Amino acid sequence: MQGFLVLADGTVFTGEAFGHPGSCHGEVVFNTSMTGYQEILTDPSYCGQIVVLTYPLIGNYGINAEDLESERPQVAGFIVHEACSRPSNWRATGDIDRYLKENRIPALQGVDTRALTRHLRRHGTMRGILAAGDVNLDELKDRAVMEPPLSGPRLVPAVTNKEPFTVAGGERRIVLYNFGVKENIIRWLRRLDCTVTVMPAGSRAADILAARPHGVVVSNGPGDPKDVPYGVATIRELLGKVPVMGICLGHQLLALALGADTYKLPFGHRGGNHPVKDLSTGRVYITSQNHGYAVRAETLPDEATVTHINLNDGTVEGLRHRQLPVFSVQYHPESSPGPTDSEYLFHEFIRMVDANRGKEGH
């Protein structure tokens with residue numbers, strides 16, 4: 001069955017429909033990772049987006065339960081050049097077509113994803129409609145312009161947990177402030193001898209502190225950080241009371257809590273090969289990234305300093321408070337999918353937590 005991607009500027013890309021035989025709308029973005037399609041599909045940060053993968057063959061190692069980053073796919077739609085129908089991997093329990101069908105995610109293959117990516121790089125991310133079958137392209141073009149995006153205030157509530165829950169681990173008590181967390185962040189904290197209490201995005205500072213955490217991790221998540229002012233207010237109240245680490249959206253929310261500003265990038269950073277420089281050591285790390293917004297360095301207050309920058313465009317990739325046990329990074333140290341260069345950041349957070357516990361005597 002033929003399928004179409006119609007962008008808000010009227011551009012049409014044609015392919016073959018697979019997955020769920022329906023339609024969807026969302027912000028069209030691209031990811032340059034060579035592997036990790038299953039983690040990308042299930043990353044809550046992609047909620048409300050139609051994701052284009054630039055690597056030409058997707059699905060060759062199938063689908064398995066171990067590599068899920070959440071309980072279901074979070075993307076609105078999925079576009080690839082070629083979807084593999086005969087995966088080969090000892091862990092595979094199914095193929096990508098069946099997985100998308102079961103979860104009602106429309107998809108296209110046979111698309112010139114190189115041309116589509118170049119278009120998005122030139123013109124920026126934009127809304128689009130993915131549809132299959134006998135459709136009226138003129139009507140879809142009108143809809144692509146008029147269809148309202150899934151707004152920021154609705155994105156985070158769609159991916160956070162409704163009630164707090166605890167994942168048992170070691171003696172360190174860590175609150176994971178959840179704006180759309182990837183499972184591998186929880187796995188890393190447990191690996192480092194932490195019991196993790198996952199708190200919903202709507203939690204107040206008093207709710208979080210009532211769990212008597214030794215530290216707080218503010219998670220990744222979808223959308224514009226300015227659309228979750230309640231999260232900014234909660235983080236502001238936590239500063240100085242408990243060590244805090246922010247990841248991706250958590251980094252942006254922390255910057256807003258400190259009084260800085262954020263802005264939308266033309267086409268975002270999404271992939272597993274982004275070079276980031278640690279300004280304290282000069283070392284360059286290859287990082288996994290997935291974000292459409294960034295922190296304005298010039299708006300950071302004097303008590304905060306930039307610790308990492310993106311070598312592709314100079315954007316802020318990390319910050320640290322000069323006096324308080326608080327730091328954040330824009331990229332993903334949990335490296336799923338992606339390189340493992342930045343796992344040291346979790347160890348740095350644990351050292352910060354332990355040092356603070358030593359001061360308080362518990």
Side-chain angles (χ1 to χ4, degrees), residues 1-43 46-63 72-88 94-147 149-150 267-268 270-271 290 337:
M1 182 189 302
Q2 195 172 35
F4 305 91
L5 172 69
V6 180
L7 298 176
D9 66 357
T11 306
V12 178
F13 289 86
T14 303
E16 176 189 349
F18 73 109
H20 178 61
S23 66
C24 65
H25 72 278
E27 182 183 40
V28 184
V29 302
F30 64 88
N31 185 299
T32 59
S33 294
M34 297 175 67
T35 61
Y37 55 82
Q38 185 172 317
E39 292 92 333
I40 292 167
L41 282 168
T42 56
D43 182 349
Y46 282 116
C47 181
Q49 295 179 324
I50 298 172
V51 178
V52 181
L53 295 190
T54 62
Y55 191 71
L57 177 62
I58 300 298
N60 52 310
Y61 52 86
I63 298 291
R72 65 183 186 281
Q74 303 287 348
V75 303
F78 197 53
I79 298 176
V80 301
H81 179 69
E82 180 183 352
C84 178
S85 60
R86 298 179 64 186
S88 178
D95 61 45
I96 195 167
D97 179 46
R98 188 176 76 185
Y99 181 67
L100 294 174
K101 278 187 171 72
E102 290 171 350
N103 290 279
R104 303 182 65 80
I105 305 295
L108 286 181
Q109 67 170 322
V111 174
D112 186 343
T113 50
R114 179 177 174 83
L116 174 52
T117 299
R118 288 171 63 89
H119 187 83
L120 295 174
R121 281 182 57 88
R122 283 195 302 268
H123 302 286
T125 58
M126 64 185 77
R127 296 198 302 275
I129 292 181
L130 190 160
D134 186 13
V135 298
N136 185 313
L137 288 179
D138 290 331
E139 289 182 3
L140 289 183
K141 289 178 183 180
D142 291 338
R143 279 183 55 198
V145 174
M146 301 299 295
E147 196 81 54
L150 185 57
F267 46 81
R270 299 176 179 89
N290 173 20

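The structure displayed is predicted, hence computed values, not measured ones. As a basis for the values below, the full set of heavy atoms in this structure was taken, side chains included, without hydrogen atoms, waters or symmetry mates.
Heavy-atom minimum distance, Asn60 versus Tyr37: N-OH, 3.8 Å. Closest non-hydrogen pair, Pro106 versus Leu130, comes out as CB-CD2, 3.8 Å. Residues Ala144 and Ala8 come closest through the heavy atom pair O-CB, 3.7 Å. Closest approach of Gly77 and Cys24 over heavy atoms only: CA-SG, 3.8 Å. Nearest heavy atom pair, residue Val75 against residue Ile40, reads CG1-O, 4.1 Å. The nearest pair of heavy atoms linking Cys84 to Pro87 is SG-N, 3.9 Å.
Between Leu116 and Phe30 the shortest side-chain heavy-atom distance does not fall below 4.5 Å.
Leu5 pairs with exactly one of Val111, Val12, Ile129, Val28 by the side-chain contact (heavy atoms from CB on, under 4.5 Å) rule, that one being Val28.
Looking at Tyr99, its side chain never comes within 3.5 Å of a backbone N or O of Gly62 through a donor-acceptor pair. Looking only at distances, no side-chain donor or acceptor of Asp43 sits under 3.5 Å from a matching main-chain atom of Tyr46. One N or O on the side chain of Asp97 and one on the backbone of Gly19 form a donor-acceptor pair closer than 3.5 Å. Tyr55 contributes no side-chain N or O that, together with a main-chain N or O of His81, makes up a donor-acceptor pair within less than 3.5 Å. Panel note: side chain Asn103, backbone Ile105; no donor-acceptor pair is recorded below 3.5 Å. Distance alone, capped at 3.5 Å, places no donor-acceptor pair between the Arg114 side chain and the Thr54 backbone.
Note that CG of Leu57 is 10.0 Å distant from CD of Gln109, once rounded to the nearest 0.5 Å. Between the OG1 atom of Thr117 and the CG atom of Asp112 there is a distance of 9.0 Å, given to the nearest 0.5 Å. The CG atom of Asn290 lies 7.0 Å from the CD atom of Gln49; values are rounded to the nearest 0.5 Å. Distance check, rounded to the nearest 0.5 Å: CD of Glu82 to CG of Leu53 gives 13.5 Å. Atom NE2 of His25 is separated from atom CD1 of Ile50 by 8.5 Å, given to the nearest 0.5 angstrom. In this structure, the separation between CG on Leu7 and CZ on Phe13 is 6.0 Å, given to the nearest 0.5 Å.
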Practice item. Show your reasoning for whether side-chain contact (heavy atoms from CB on, under 4.5 Å) applies to Leu41 and Leu100. Key: CA-CA 9 Å; Leu41 282 168; Leu100 294 174; 4.0 Å; yes
Review point. Step by step, would you call Phe18 with Phe78 a ring pair (Phe, Tyr, Trp, His ring centres under 6.0 Å)?
Key: CA-CA 9 Å; Phe18 73 109; Phe78 197 53; 7.1 Å; no
Cut-off 3.5 Å, no hydrogens considered: what does the side-chain donor-acceptor table look like for residues 118-125, sequence neighbours left out?
| unit_1 | atom_1 | unit_2 | atom_2 | d |
| --- | --- | --- | --- | --- |
| His119 | NE2 | Asp9 | OD2 | 2.7 |
| His119 | NE2 | Thr11 | OG1 | 3.4 |
| Thr125 | OG1 | Glu27 | OE2 | 3.1 |

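Heavy atoms from other residues, nucleotides or ligands lying under 6.0 Å from CE of Met34 number 12 at most. By the 6.0 Å contact criterion, CG on Asp134 is open, its count of non-hydrogen atoms from other residues, nucleotides or ligands being 12 or less.
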